[in-house]
Each structure stands twice: as C-alpha cells, then as structure tokens.
Protein chains: 4
Amino acid sequence: MVLNMEKQKRQAILGKAREWISANGFSNFTMSKLAKFCGIAKGTLYNYFDNKEDLMVKVVEDRVVEIHREVDEILGGAQDAEEKLRSMIRQGLEFYRDNVDLLIVYANEVKIADCKFPSSATAHGRFLREHLDWFVSRFEQLLAGMGIKRERRLLAYLFHQSLENVMSFNMLFGRELDIDRDANLLYSFYFHGVEAFQ
Amino acid sequence: MVLNMEKQKRQAILGKAREWISANGFSNFTMSKLAKFCGIAKGTLYNYFDNKEDLMVKVVEDRVVEIHREVDEILGGAQDAEEKLRSMIRQGLEFYRDNVDLLIVYANEVKIADCKFPSSATAHGRFLREHLDWFVSRFEQLLAGMGIKRERRLLAYLFHQSLENVMSFNMLFGRELDIDRDANLLYSFYFHGVEAFQ
Amino acid sequence: MVLNMEKQKRQAILGKAREWISANGFSNFTMSKLAKFCGIAKGTLYNYFDNKEDLMVKVVEDRVVEIHREVDEILGGAQDAEEKLRSMIRQGLEFYRDNVDLLIVYANEVKIADCKFPSSATAHGRFLREHLDWFVSRFEQLLAGMGIKRERRLLAYLFHQSLENVMSFNMLFGRELDIDRDANLLYSFYFHGVEAFQ
Amino acid sequence: MVLNMEKQKRQAILGKAREWISANGFSNFTMSKLAKFCGIAKGTLYNYFDNKEDLMVKVVEDRVVEIHREVDEILGGAQDAEEKLRSMIRQGLEFYRDNVDLLIVYANEVKIADCKFPSSATAHGRFLREHLDWFVSRFEQLLAGMGIKRERRLLAYLFHQSLENVMSFNMLFGRELDIDRDANLLYSFYFHGVEAFQ
DNA sequence: CATGAATGAGTATTCATTCAT
DNA sequence: CATGAATGAATACTCATTCAT
C-alpha cells in the first residue's frame, strides 16, 4: 500500500500543478511556487518526480491517456465511419473545453521545442511525438473506413490540428465555444471543405 | 553611407539570429549566446537593438512585411477568386519553405503567450495579433468573393493555420515538401474537404 | 526556534552589510560583494531579503527604531525643557558614536536622492523622509516647551543636522569625540549661538 | 590661441554638463548622455578630460573658485566683523540659490565618499577636502575678528554646513527661499542661537 | 583632433537542484 | 520520507573607456 500512497501523492501534486498552470500559465511555473501551492517542501517534489521536465510531462500525460481511451472507445464502437468522425469531433472539442488552458498552452509550448526538433531530446518532445503518432495512425484507419484513398496520414494530422485551431480561434477572436454549432461547422469544413459554406 | 553600414550590420545580426534560432529554437535564445555566435560583444547587440524583445520582433518583422506585400499583390490582381486562392496557397507554401524553421517556431511560441493571454503586452503578442487580424480580414474578402456566406472569419483563420499545418506535418513526418503537389492537396482539402480524397 | 535562526541569520547579514558599508561606503555596495564578504552565495541573500533596496533599508531601519524609542523616552520624561534638550544632544551624539560610519554615510546618500527628488519613489527616500518628519515634529514640541515662538520647524531641522555636523567635523578634522565636551559645545552653540564662545 | 580654443571647448562642455546635471541629477549622468547633449562624440570628451571623475570634479571646480573669490572680497573689505558675517550669509545663500541643484547634490555625493574616507583617494574627496580646509581657515579668522575665543574651527564648519542646511530644509519642506528673511534667520540662529527666537 | 562602434566587466535578480538535518 | 536553506550558473542590460579610421 505504500506504493499506492506514493501514487496518490504523485497524483495530488499533478492535480495541484494543473490547477496552478491553468490559472497562471506555463511560463511562470516554478518548482518553488508549486511547492508552496501544494503546502509541501520543494525537496519533496523531487521525491516524486525526477525533475521539472518530468513533472511537466506527467502533468499532461494522464489527460492524454484519458483521451486515448475515449478515442479507442469511439473507434471500436458500432457507429458507421461518418458517425465516428462526428463523435470524435465532439469528443475533441469537449476535451479541449475541459482542459483548455492546460492543453492549448502545453501543445504550443511543446511544439516550440518539437516542431523544430522532431528528434528532440526533450521529454516533452518525445511525449508529444508518441501521442501524435498514436493519434494519426488511429485516425488513418477511420479515414480508410470512410473510403479516403489518398494522403490519409496528412489528412489525419490536419484533423488533429483542426480541433486545436477552432479552439484557438475562439480564444483569439473572443468567440464563445458552442459545442453543437462548432462540431457541425468543423464536420462540414473537414468533410466538405469551404464550399459547404457557400 | 554610414547609415547603410549600420543597416547592413543590423541585418547581419538578424541573419545570424535567424540562423541560431532555426537551429536551436526560440526558447533557449539568449543575448549572450547570440553575441558569441556572431563573434561580437554582448554590448554591441545593444548598439543595434533596444532590447531582446525588440530584436526578436525584428527577426520576423521584415519577413512578414514581405508576405503582406505579396498577399496584397495577389488579392489586388485580375485573377478570379479561385485562382487567387490557389495563388495564395502557393505563395504561403513558398514563404514557409523559405523561412520554415523560423516562422513555424515563431508562430507557435507567440501563440503560447497569446492564446493564453490574448491581451498580451509583449511585443511578440501584439505583432502576431496585428498580422493575424490583417491576414484574416483580407482573406475574408476573398472568401466573400468566392461566394462563401457563413463563418468567413473562422474559415479564414483555418486557412492561415492550414498552411502552417502542412509545413509542420512535413517536418514531423519527414515528408519532403513538393510545392505543386502540396498546393493541390491543400486546395482540395480546403475547398472540397476530405471527401475529395475518396 | 527555526524562525529565530532565520532572524539571527538575517541580523548576521545586516551586521556584515553594516560592516562592509562602514568600511567602503554605500556607493560601491553590491549584492555580489556582500555575498562574498559574508562567505555565502549570492542567491542566499535573496532568501532573506526581497531585493537590494529592501536590504539597504533594513540596514538602517532598526537603528532608527532604536533612536525613536529613546527620543520618546526623553521627551515623555519629567525633565524640564532645557534638560530634555541636553539629554537629546547626549543621546544623539552617543547614537552617532555607536553607528557613526553607517548613519552619516546613509544620511548623505539618501539626501542625494531626496533633495534632488523630494517625492522620491525609492524606499530609502520614503524611509528618511518619514524619519525626518517624525523627528522634526517631535522636536518642534520641545522647542515650543522652551518658549521658542518662531521658525520652530526650521530650528528643529537645524538641530537634527547639527548633531550630524559635529560628528562629520570630528571625522573630517581628525578630532576625537568627547561626549561631555561636545554635548556642552553643541548645547551652547544651539541655544546661545556663537556669541557664547566669545 | 589653440590652447585658448581648447579651454573654451572645455568650458563649453562643463557648462553643458552642469545644465544636464541640474536638470537630471548626478545619478543618471553618463558620458554618452553628455556627449549627445553636447552634440559631440563620446570619444571627444576624453580629449578634454581624463575620465568621468575628472570631468565631474571640474564641473564644480570653477564654481567654487568663484565663491572663493567672493569670500576673499568680503573678508578683505572694510566692513566690521558682524557685517562681514551678514555678507557671507547673503553671499552663501545667493550662491546656493544660483547653483542649488548642482551644489547640494554634489556636496552630498562627495560627502558619501569623503566623510567616510577623509583620506579618500577619489578626486572628489581631495577636492572637497581642499575647499573645506580653505573655507574653514578663512572663516576662523573672521570668527577671531568677532572675538570668538574657543572652538573656532568647529564653529566655522558649522557655519559652512548651516548654509546648506537652510537650503535643504527649504527643498525638503517645500518652503520658498527668501534671501532677506533667511539671511536674517540664519544670522540670528548662528550668532544668538535658538533663544533669539523666543 | 574628432569620431562612434566595440568592448567586457559589472549590476540585480531568478530558479532548478542538492543535501545535511 | 520530508524539509528548506544554500547554491551558483544563468539572464537581460549598462556604461566608462578604448582605438581604428
């Protein structure tokens, strides 16, 4: 049970970290501030995490584990391909809505290091890379199921980015997220292109 | 000609800065490292730029000025709307090709500050924001000319991001950029959606 | 007792700071030099003081708190006005004797900022200002009690400065401080003017 | 005449330096700012002055030469001793009025270095020291002429400081300088002490 | 003589990490 | 295991001074 306790404490710290980062952003995040926010000593953090980078990766890790589970659920379900696509859009938007601060900030911050360095040595980079590969390969199958013949990998990536782009559009241009409306919009755009908006 | 010399040196420093950032990313960029990389003293940098932020903005500024000019040229030309769309895709891809490292990295880094803090006080934030507003409003007109009735602003933003997404896809997945092929792909995707790939 | 240890260390640093400043002056005082002089790391200073200004204010703060207490004791006592004046002179000279280097230097340095910029935003300036106002208003009452009818504020200020002037005279002209003699001298000068020396 | 030209240029630079310092204070004074303010190159300053300290001493030097001349005129005149004292007070207040920013600031800044280090190695220190010695010894003679028997040196120094103290009182407490009134006040205070204000 | 670009040591401050308790 | 004081390398920026032109 000691291990279990340890795991619980780790999770508690991660929860606090998410809370802090969502409220204050990644850039100002320091180990001291986190320790104080958790009400524990700085040194204690290092009993649960190797270093800051390790902690920061784990901050998003289980969120992504969660999304992976949900994606698998959708893709493994009984819906037809288009229904699955619609479901994934909804699920993606809901996911971003629930983790919006954390994930947008994170996604961008990681990309700094990693777009530039696909073979990046940072833990961030490796982590994002794994997630992307996982997501893209799953989504390629869906596209195959929809009869898409060409460029499935690129299209899968563009799908992944589209979700984020809608979210960042809303933030940048002060538009409220409306899951129903935006899911429909995104479906139309992604499936039929802009000509659907004529 | 003294002024000219000064301008040349400023440009030389900016060139070195671009080189360094392309190779190492924005996040680790420091004035000391740049000075060493340029083979000059730290203080010298401050003879040419007010401060780090000033330098970093100028690193992208003239690149963006260039793209603005080219966009205006296309949009003000005699082509019909679809031709203009195609031209903008080509121009965008070419632009990214020529400045790929710098601009993808930059776009992402700025988004960290600015998605999270849309009213960011950083020069970076203000600069990207201006560019985005400029681009989106121009592109909205083009979409209007193409008979797009709804959500033109969102669609304009998605276009802007699509170019970047194609580039980052190529980088992340080790695919070579082929302007002809990718311009056609992007046109199909953007105009007709994924169903064009069936 | 941990808090006590912290307080002790803070006091130890302040003591070292006073020692350094007394030996080398305020103008050349830097955090690096102090750290080296204390035999600790630069960062450690910042565990005990918010910043340089904070430290520099605290360097004099408790000394001045001490003098305020003593002044209140004298003024609130049972002596008649002239006796109180004599006591304050003695107390002032003793105080300067015990803190001579630090306080003379400090008083002058602050005046630079504050004569020139009376509404100075520096913590130094605010601190000296408060002290001056406090002292002058207290001393005005004493002068009133002595039957002084005009220009009490100016005379109070001149008293405050006289103490410092005697000390700096001794330092500049290599004269030994003799509390009895100098207190009498100052009393005669302040109360009767130079004609008392005829 | 070359030497003359050189002297003129030196004087012109000193005038500009005084102008700048009076307006902006000593603390922010830099060689670059002065050069720009003079409309000449930084390096040129070093053709006329050995270094910054040299320049800063010369900034006050001829002002003090002037006051020395005036003091000699008064002391060498036909007035009786008390009249001479009155004249010196007026002359001192007028002098401070005309050079108030420069001299108060300077006097204080120098004292930082020099109260602390009577044997200071700085040019500032040496210069102030010389001036003080000069003034005090002259004024001692005046006091002797007034029949002052004891402590003439100290009293001379206190006189010197009194002038400055009245000026700084006016600045700190927002009181307007009134030469007639303040000269009388200072005479009363210095000659008869505070009891004259009963 | 005049220039002003270049220098580099120096400033205050931050923060991930360590380690003795 | 928990602590948190201590560390010191790193950061952006300044400025008196030099020297090649």
Side-chain angles (χ1 to χ4, degrees), chain A residues 2 5-6 9 27-36 38-56, chain B residues 2-3 5-6 8-10 13 27-36 38-56, chain C residues 2-3 5-6 8-10 13 27-36 38-56, chain D residues 2 5-6 9 27-36 38-56:
Chain A
V2 168
M5 286 294 283
E6 198 181 316
K9 184 132 186 184
S27 0
N28 303 315
F29 179 73
T30 72
M31 295 299 261
S32 301
K33 285 171 184 167
L34 178 58
K36 182 166 285 179
C38 291
I40 63 175
K42 233 184 311 184
T44 307
L45 293 176
Y46 287 86
N47 291 334
Y48 293 94
F49 303 94
D50 290 345
N51 49 42
K52 196 190 181 192
E53 196 183 30
D54 176 39
L55 191 153
M56 285 172 84
Chain B
V2 167
L3 272 184
M5 285 295 281
E6 197 181 318
Q8 267 177 37
K9 181 123 191 189
R10 207 189 305 276
I13 292 173
S27 357
N28 304 315
F29 177 73
T30 73
M31 296 299 261
S32 302
K33 286 171 184 168
L34 177 58
K36 184 166 286 180
C38 291
I40 62 177
K42 227 181 323 179
T44 306
L45 293 177
Y46 289 87
N47 292 335
Y48 293 93
F49 303 94
D50 289 344
N51 48 45
K52 193 190 181 191
E53 198 179 33
D54 175 39
L55 190 154
M56 286 173 83
Chain C
V2 168
L3 271 185
M5 286 293 283
E6 196 182 319
Q8 268 177 37
K9 181 122 191 188
R10 209 189 305 274
I13 292 173
S27 359
N28 303 315
F29 178 71
T30 73
M31 295 300 260
S32 303
K33 285 171 184 168
L34 177 57
K36 184 166 286 178
C38 291
I40 61 177
K42 230 182 318 181
T44 305
L45 293 177
Y46 288 87
N47 291 335
Y48 294 92
F49 303 94
D50 290 344
N51 48 45
K52 193 190 181 191
E53 198 180 33
D54 176 40
L55 191 154
M56 287 173 83
Chain D
V2 169
M5 286 294 284
E6 199 181 317
K9 183 130 188 186
S27 359
N28 303 316
F29 179 73
T30 71
M31 296 299 260
S32 301
K33 285 171 183 167
L34 178 58
K36 182 166 287 178
C38 292
I40 63 176
K42 232 183 314 183
T44 306
L45 293 175
Y46 287 85
N47 291 333
Y48 294 93
F49 303 93
D50 290 345
N51 49 41
K52 196 191 180 190
E53 197 183 28
D54 176 38
L55 190 153
M56 286 173 83

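Order of the sequence lines sets the chain letters (A, B, ...), proteins ahead of strands, with each chain counted from 1.
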Specify the separation, in whole Å, of atom [atom1] of [X] and atom [atom2] of [N].
X       : N      : atom1 : atom2 : result
B:Gln8  : E:dA5  : CD    : P     : 14 Å
B:Lys36 : E:dA9  : NZ    : P     : 12 Å
C:Glu53 : E:dT13 : CD    : C1'   : 14 Å
B:Glu6  : E:dT3  : CD    : P     : 16 Å
B:Leu45 : F:dC15 : CG    : C1'   : 15 Å
B:Lys52 : F:dT11 : NZ    : P     : 8 Å
A:Phe49 : E:dT17 : CZ    : P     : 13 Å
B:Asp54 : F:dA12 : CG    : C1'   : 14 Å

For [X], which contact category applies under a 4.0 Å heavy-atom criterion: base, sugar-phosphate, or nothing?
X       : value
D:Lys33 : nothing
C:Tyr48 : sugar-phosphate
A:Phe29 : sugar-phosphate

Item to complete: I would like to know whether B:Lys9 and B:Met5 meet side chain to side chain contact (heavy atoms under 4.5 Å, CB included); could you show each step before the answer?
Response: CA-CA 6 Å; B:Lys9 181 123 191 189; B:Met5 285 295 281; over 6 Å; no

Worksheet item: At what distance, to the nearest 0.5 angstrom, does CG of B:Asn47 lie from CD of B:Glu6?
Response: 9.0 Å

Discussion item. Would you compute the distance between atom CG of C:Leu45 and atom CG of C:Leu34 and round it to the nearest 0.5 angstrom?
Written reply: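 CG of C:Leu34 is found 5.0 Å from CG of C:Leu45.
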
Worksheet item: Between B:Leu55 and B:Phe29, is any pair of side-chain heavy atoms under 4.5 Å apart?
Response: yes

Practice prompt. Measure the shortest side-chain to side-chain distance between C:Phe49 and C:Met56 over non-hydrogen atoms and say whether it is less than 4.5 angstrom.
Written response: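 Side chain of C:Phe49 against side chain of C:Met56, heavy atoms only: no contact under 4.5 Å found.
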
Side chain of [X] only, please: which of [options] is the nearest?
X       : options               : result
D:Met31 : F:dT17, F:dA12, E:dA6 : F:dT17
A:Asn47 : E:dT13, F:dA2, E:dT11 : F:dA2
D:Ala41 : F:dT11, E:dG4, E:dA12 : E:dG4

Discussion item. Which nucleotide, if any, forms a Watson-Crick or G-U wobble pair with F:dA20, using both distances under 3.5 Å?
Written reply: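 Here F:dA20 is engaged in a pair, and the nucleotide opposite it is E:dT3.
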
Discussion item. Quick check on DNA chain E: between A:Tyr46 and C:Tyr46, whose nearest nucleotide comes earlier from the 5' end?
Written reply: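 Closest to the 5' end, via its nearest nucleotide, is C:Tyr46.
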
Discussion item. At less than 4.0 Å, is any side-chain N or O atom of A:Lys9 found next to OP1 or OP2 of F:dA2? Yes or no.
Written reply: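 Checking F:dA2 against A:Lys9, a side-chain N or O does come within under 4.0 Å of OP1 or OP2.
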
Discussion item. Does F:dA5 have its OP1 or OP2 closer than 4.0 Å to a side-chain nitrogen or oxygen of C:Thr44?
Written reply: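 Answer no for this pair, as no side-chain N or O of C:Thr44 is under 4.0 Å from OP1 or OP2.
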
Worksheet item: Between the side-chain atoms of D:Lys42 and the base atoms of F:dT17, is any donor-acceptor pair under 3.5 Å?
Response: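 Side chain to base: pair present.
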
Worksheet, complete the sentence: 5'-most contact on DNA chain F (nearest-nucleotide basis), D:Asp50 vs B:Asp50, goes to B:Asp50

